[in-house]
Amino acid sequence: MTEVLRVIVSGVTGRMGRRLVNALQKQATIHIVAGITSPENTFLGKPLSAVSHNASHQAPILSNFSGLQADVVIDFSQSKCFDQVVDYCVMNEVALVSGTTGLSQSQFDRISQAGHFIPVLWAANFSINIQIIKNLLQVFKQKNHNGEYRITETHHQHKQDAPSGTAIALAQSLSDSQHLMVVDHNRFTLGTIEITSVREAEVPGTHQIYCDFPNETITIEHVSKNGDLFAEGAVSAAKWLVQQDNGLYDLNAIILA
Ligand SMILES: NC(=O)C1=CN([C@@H]2O[C@H](COP(=O)(O)OP(=O)(O)OC[C@H]3O[C@@H](n4cnc5c(N)ncnc54)[C@H](O)[C@@H]3O)[C@@H](O)[C@H]2O)C=CC1
Ligand SMILES: O=C(O)C1=N[C@H](C(=O)O)C[C@H](O)C1
């Protein structure tokens, strides 16, 4: 008999959390234990059916993880509640898949530490093709010593962090420096890489990378058509992660599996 995977959705009332619930409900072998939201959220105490297409879903929307038992947490929330997510997973030996961006360096250090105790996978972008583009950019960097690069990211007006986690990750593939500097509210640098952030209407997420070499230019554009791309990527990652040993993983581990 196939074992049922018990999942907690952190950030369940958000744009991604709702898509995640819908994606999880398509999986016969997944059971959603509960959804977590902020203490002030109006959906608190309601069943998951309040935030999903499936009116029959009775799992509760809670403000904390207390007493919950699960195999994996899938987290798309906010940096301010990220520490409580990691603490719950480590203390209860629950695997963690997280796509929350805008994290501080100490929160990234915490993810690395958590990998000693549980399987953890964090990705700024759950599109496998973004991971493939990151890998390609690393090759560009190795093979082109005179390359100059610029990144522009465009997202919906509700997005709280800038630049996007994806833009930072793409720039990190191209730079020896990992340190982000703020130029002004929508312009940043990471080493010599310039990043521009645009906030526009309901754009799901577009990233353009301009690569300038002495005798050629290359432009790569990745356009997310909708958030299901990320939700479905995170569900696949969760199904894979629960079968792994403790450790810190990225999407390359899934590509190479
Ligand atoms: N890695 C990826 O592929 C993707 C990452 N993201 C990231 O996921 C995160 C969420 O994005 P959205 O759903 O658009 O944001 P959102 O603002 O719509 O949702 C955030 C959720 O976090 C919850 N939350 C806020 N404070 C909380 C607290 N103290 N305790 C528990 N829950 C709390 C909110 O209630 C809400 O459910 C962002 O960091 C975003 O950048 C978004 C899309 C794709
Ligand atoms: O907030 C979003 O919407 C997205 N955030 C991620 C990021 O910060 O890179 C990924 C995706 O582009 C959508």
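All values reported here derive from a predicted model rather than from experimental measurement. Whatever order the structure lists ligands and atoms in, that order sets their numbers, starting from 1.
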Should F230 be listed as contacting ligand 2, given a heavy-atom distance under 4.0 Å as the test? yes
Can you confirm whether Q58 sits close enough to S49 that some side-chain heavy atom of one is under 4.5 Å from a side-chain heavy atom of the other? yes
Closest approach of V94 to A70 (non-hydrogen atoms, all atoms of both residues): CG2-O, 3.5 Å
Classify the contact between A167 and ligand 2 as side chain, backbone, both or neither, using a heavy-atom distance cut-off of under 4.0 Å. neither
Between D75 and S77, is any side-chain donor less than 3.5 angstrom from a side-chain acceptor? yes
Contact region, H155 to ligand 2, non-hydrogen atoms below 4.0 Å, reads side chain
Relative to ligand 2, is T101 under 4.0 angstrom through side chain, backbone, both or neither, heavy atoms considered? side chain
For residues I209 and I133, report the shortest heavy-atom separation together with the two atoms involved. CD1-CG2, 4.0 Å
G165 N/O under 3.5 Å from ligand 2 N/O: yes
Below 3.5 angstrom, do we get any N/O pair linking H207 and ligand 2? no
Only residue of H222, H207, R199 satisfying side chain to side chain donor-acceptor pair (under 3.5 Å) with E153 is R199
What atoms of ligand 2 come closer than 4.0 angstrom to any heavy atom of P204? 3 (O), 13 (C)
Just checking, is any N or O donor in the side chain of S104 or S106 under 3.5 Å from an acceptor N or O on the other one? yes
Between S224 and F230, what is the shortest heavy-atom contact and its length? OG-CZ, 3.3 Å
When you look for protein heavy atoms under 4.0 Å from ligand 1, which residues do they belong to? G11, V12, T13, G14, R15, M16, T37, S38, N41, F76, S77, Q78, K80, C81, G99, T100, T101, A123, A124, N125, F126, K159, D161, F230
Side chains of E202 and Q157: any donor to acceptor distance under 3.5 Å? yes
Quick check against the 3.5 Å criterion: does N246 have a side-chain atom that pairs as donor or acceptor with the backbone of F117? yes
Nearest heavy atom to atom 3 (O) of ligand 2, choosing from E153, H156, E202, M16, belongs to H156
Counting from 1 in the order shown, the ligand 2 atoms closer than 4.0 Å to a non-hydrogen atom of T166 are 7 (C), 9 (O), 10 (C), 12 (O)
Give the numbers and elements of all ligand 2 atoms closer than 4.0 Å to a heavy atom of S164. 7 (C), 8 (O), 9 (O)
Under a 3.5 Å cutoff, is there a donor and acceptor pairing between the side chains of Q131 and N135? yes
One residue to check: A124. Relative to ligand 2, which of side chain, backbone, both or neither has a non-hydrogen atom less than 4.0 Å away? backbone
Taken to the nearest 0.5 Å, the spacing of E232 CD from N22 CG works out to 10.0 Å
Considering only heavy atoms of K159, which atoms of ligand 2 have at least one such atom less than 4.0 Å away? 1 (O), 2 (C), 4 (C), 5 (N), 6 (C), 7 (C), 8 (O)
Working for side-chain contact (heavy atoms from CB on, under 4.5 Å), residues D87 and R110: CA-CA 9 Å; D87 287 351; R110 211 176 174 114; 2.7 Å; yes
